Amino acid sequence: MQDDIVIPLFHLQWSTRAVYEGVSEHYAPARLHVIAPAETAEALTKAVDEEGWAVAPMQVHTEEDFFVAKHGLSKDDLAGELRLGESLYPAGWYYQQLLKLGAADGIEGLSDWFLIWDSDLLPVETWPAIDGDGRRRFALLQDRNHGNPDIVGRWERWVREILGVEPLTDPHSTFVPHHMWFNQDHLKAIQNKVRGFVGDELPWPAAMMRTANAFGTFSEFWLYASYVADHAPEDLSFYPYADYGATTERFFEDGSAVFASRYRTAAGLSPDTPLRPAYAELLSFIREEYAGDALPSSLSFEASPRHRKKGKANMHAEELRSRWHNAED
């Protein structure tokens, strides 16, 4: 693949090595760009060097000053634009979305098309990022019949009022698939729409944060997909939910829950052994665990404790059906 992959990373997790090696093995990007807090960036660089991670050529960028060179705005400056009071999501959650939508602002020479990949999404029986016809495609991975309807409604209003298009819908899935192809020309057009809504005198990252004050939230993947579907539908290609979403699983796993504990046992590791398996090791374990059953297309390791506090009414179908989530009940 001649294009780059961009992965925002907040903390170095037990699964980070496996995810990065898996993405590198399956998609062979020209470069793997990681955007992380300075402390995480240092720890990641050290781990890759000392542990010999099998990853594509990687560049690490610090998130605190990511927008400073182009816009003169630090992470703290942008977080200070938020006036949300109590919110389901912290300021860093919104900032990570800015890093995806504005990756080209802080990465010199980023490919015109680049694949955003969430840091907790492990490819297993995965999909081709470029199909046989040369189209860049992502996979729909989230059933539309579960989740928080209030949040979804706010996302819809954002898309209609700021972008002036109808939110893109699918009969079976949302457009929040935890990875997506982005094109720089389309992103610039979206950024201009945001500035026009809030005030053209503001840099777009600050304007974007202010839209969260007006609507309570925004969704980077859904807004991008909706805009491109309306303005350049030939540039939006995806696999339907039935192809890969029907087998993906999502569950809480910070390295101490059911999946990791069972992996430790299978690998003969003691509970106090630092856990950072290579992709090949984790994939071998998954194949053994799913022997006789279809392999999942991917696994999402949710590390935030808030996922343990979700009521079932707000859980996604991929959580409810996961053998690893159900094992905790």
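Just so it is clear, the values below take in all heavy atoms, side chains as well, and ignore hydrogens, waters and symmetry mates. Owing to the predicted nature of the structure, the values given are computational and were not obtained by experimental measurement.
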Task: With Arg264 via salt bridge (charged side-chain N to carboxylate O under 4.0 Å, His left out) - residues at least two apart - done: none
Open item on the list: Filter on ring-ring contact (aromatic ring centres under 6.0 Å, His included), then keep only pairs touching residues 277-304, sequence neighbours left out; what's left?
Closed with: Trp14-Phe301, His26-Tyr279, Phe251-Phe301, Phe259-Phe285, Phe259-Phe301, Tyr263-Phe285
Task: Heavy-atom check, side chain of Leu282 versus side chain of Leu122, under 4.5 Å - done: yes
Task: Interatomic spacing from CZ in Arg250 to CG in Leu320 - rounded to 0.5 Å - done: 11.0 Å
Pair up each side-chain donor or acceptor in residues 228-237 with any protein partner under 3.5 Å, not counting sequence neighbours, and list the distances.
residue, atom, partner, partner atom, Å
His231, ND1, Tyr227, O, 3.2
Asp235, OD2, His186, NE2, 2.8

TODO: Answer yes if Phe215 and Trp204 sit in the same cluster of Ile, Leu, Val, Met, Phe, Trp and Tyr residues linked by side chain heavy atoms under 4.5 Å apart, and no otherwise.
DONE: yes
Task: No-hydrogen, no-angle side-chain donor-acceptor test under 3.5 Å, Asp272 and Ser270 - done: yes
Open item on the list: Just verifying a value: how many Å separate Leu9 CG and Leu99 CG, rounded to the nearest 0.5 Å?
Closed with: 11.0 Å
TODO: Check salt bridge (charged side-chain N to carboxylate O under 4.0 Å, His left out) between Lys70 and all other residues, then give those that pass, not counting sequence neighbours.
DONE: Asp105
TODO: Examine Ile130 and Leu140 and state if one hydrophobic cluster contains both, with Ile, Leu, Val, Met, Phe, Trp and Tyr joined whenever side-chain heavy atoms are less than 4.5 Å apart.
DONE: yes
Open item on the list: So, using side-chain contact (heavy atoms from CB on, under 4.5 Å) as the criterion, who are the partners of Ser261 when residues are at least two apart?
Closed with: none
TODO: Look at the side chain of Ser173 and the backbone N and O of Gln142, then say whether any donor-acceptor pair between them is shorter than 3.5 Å.
DONE: yes
Open item on the list: Do Ile35 and Thr62 make a side-chain contact, defined as non-hydrogen atoms from C-beta onward lying under 4.5 Å apart?
Closed with: no
Open item on the list: Can you pull out every salt bridge (charged side-chain N to carboxylate O under 4.0 Å, His left out) where at least one residue sits in residues 274-289? Sequence neighbours excluded, please.
Closed with: Glu51-Arg276, Arg262-Glu289
Task: Criterion salt bridge (Lys or Arg N to Asp or Glu O under 4.0 Å) on Arg17 and Glu21, from CA distance to verdict - done: CA-CA 6 Å; Arg17 176 179 182 174; Glu21 290 186 344; 2.9 Å; yes
- [ ] Only pairs at least two apart or in different chains count here, so list each salt bridge (charged side-chain N to carboxylate O under 4.0 Å, His left out) that has a residue in residues 195-222.
- [x] Glu81-Arg210, Lys100-Glu220
Task: Student check: side-chain heavy atoms of Val6 and Leu115 closer than 4.5 Å - done: no
TODO: For the pair Val48 and Met58, evaluate side chain to side chain contact (heavy atoms under 4.5 Å, CB included) and give the outcome as yes or no after the intermediate values.
DONE: CA-CA 10 Å; Val48 170; Met58 189 172 76; 3.5 Å; yes
TODO: With sequence neighbours left out, write down each residue that passes salt bridge (charged side-chain N to carboxylate O under 4.0 Å, His left out) with Glu39, or none if nothing qualifies.
DONE: none
TODO: Ignoring hydrogens and angles, tell me if any N or O in the side chain of Ser284 forms a donor-acceptor pair with the backbone of Ala280 under 3.5 Å.
DONE: no
Open item on the list: Is the ring pair Trp155/Trp222 parallel, tilted or perpendicular, if the boundaries are 30 and 60 degrees?
Closed with: perpendicular
Open item on the list: Parallel, tilted or perpendicular: which one describes the rings of Tyr239 and Tyr244, with boundaries at 30° and 60°?
Closed with: perpendicular
Open item on the list: Going by side-chain contact (heavy atoms from CB on, under 4.5 Å), name the residues that satisfy it together with Ser298, two or more places apart in sequence or in a different chain.
Closed with: Leu121, Trp127, Leu141, Thr248
Open item on the list: With clusters defined by side-chain heavy atoms of hydrophobic residues (ILVMFWY) lying less than 4.5 Å apart, directly or transitively, does Val165 cluster with Phe197?
Closed with: yes
TODO: Check the pair Phe66 / Lys75 against side chain to side chain contact (heavy atoms under 4.5 Å, CB included), numbers first and verdict last.
DONE: CA-CA 8 Å; Phe66 192 79; Lys75 179 181 179 181; over 6 Å; no
Open item on the list: Hydrophobic clustering (ILVMFWY, side-chain heavy atoms < 4.5 Å, transitive) - are Leu275 and Val258 grouped together?
Closed with: yes
Task: Listed partners of Asp120 passing salt bridge (charged side-chain N to carboxylate O under 4.0 Å, His left out), at least two apart - done: none
- [ ] Could you go through the side chain to side chain contact (heavy atoms under 4.5 Å, CB included) check for Leu295 and Thr247 one step at a time?
- [x] CA-CA 7 Å; Leu295 285 173; Thr247 62; over 6 Å; no
Open item on the list: Quick check: do Trp53 and Leu44 have side-chain heavy atoms less than 4.5 Å from each other?
Closed with: yes
Open item on the list: Any heavy-atom pair between the side chains of Glu318 and Glu249 that's under 4.5 Å?
Closed with: no
Task: Side-chain heavy atoms of Leu78 within contact of His71, under 4.5 Å - done: no
Task: Side-chain (Ser226) to main-chain (Leu223) donor-acceptor, under 3.5 angstrom - done: no
TODO: Would you mind telling me which of Tyr241, Phe221, Phe238 makes a ring-ring contact (aromatic ring centres under 6.0 Å, His included) with Phe175?
DONE: Phe238
Open item on the list: Under 3.5 Å, is there a donor on one side chain and an acceptor on the other for Tyr27 and Thr126?
Closed with: yes
Task: Connected via hydrophobic side-chain network under 4.5 Å: Met208 and Leu82 - done: yes
- [ ] Decide yes or no on side chain to side chain contact (heavy atoms under 4.5 Å, CB included) for Phe10 and Thr40, but give the supporting numbers first.
- [x] CA-CA 7 Å; Phe10 186 45; Thr40 300; 5.7 Å; no
- [ ] Just say parallel, tilted or perpendicular for the rings of Tyr94 and Phe218, cut-offs at 30° and 60°.
- [x] perpendicular
Open item on the list: Any side-chain to backbone donor/acceptor pair from Glu253 onto Ala260? Under 3.5 Å, distance only.
Closed with: yes
Task: N/O donor-acceptor pair under 3.5 Å between Asp4 side chain and Leu110 backbone - done: no
TODO: Would you indicate whether the side-chain heavy atoms of Asn183 and Leu187 approach each other to under 4.5 Å?
DONE: no
TODO: Establish, from distance only, whether the side-chain atoms of Arg144 and His172 form a donor-acceptor pair under 3.5 Å.
DONE: no
TODO: Report the C-alpha distance between Asp76 and Ser74 in whole Å, list the side-chain angles of each, state the deciding distance to 0.1 Å, and finish with yes or no for side-chain hydrogen bond (donor to acceptor under 3.5 Å, both in side chains).
DONE: CA-CA 5 Å; Asp76 287 343; Ser74 69; 5.2 Å; no
Task: Side-chain donor/acceptor of Trp181 to backbone N/O of Ala129, under 3.5 Å - done: yes
- [ ] Please report the closest heavy-atom contact between Leu299 and Ile286, naming both atoms and the distance.
- [x] CD1-CD1, 3.7 Å
Task: Qualifying salt bridge (charged side-chain N to carboxylate O under 4.0 Å, His left out) pairs, either residue in residues 173-183, two or more places apart - done: none
- [ ] Only counting residues at least two apart or in another chain, list the ones meeting side-chain contact (heavy atoms from CB on, under 4.5 Å) with Gln13.
- [x] His11, Ser15, Thr16, Ala303
- [ ] Mark yes or no for whether Ser297, through its side chain, and Glu125, through its backbone, hold a donor-acceptor pair below 3.5 Å.
- [x] no
- [ ] Determine whether the side chains of Trp158 and Thr217 contain a donor N or O and an acceptor N or O closer than 3.5 Å.
- [x] no
Open item on the list: I'd like to know if the side chain of Glu50 reaches the main chain of Ala47, judged simply by a donor and an acceptor atom lying under 3.5 Å from each other, with no hydrogens or angles considered.
Closed with: no
Open item on the list: Has Asp131 got a side-chain atom pairing as donor or acceptor with Gly134's backbone, closer than 3.5 angstrom?
Closed with: yes
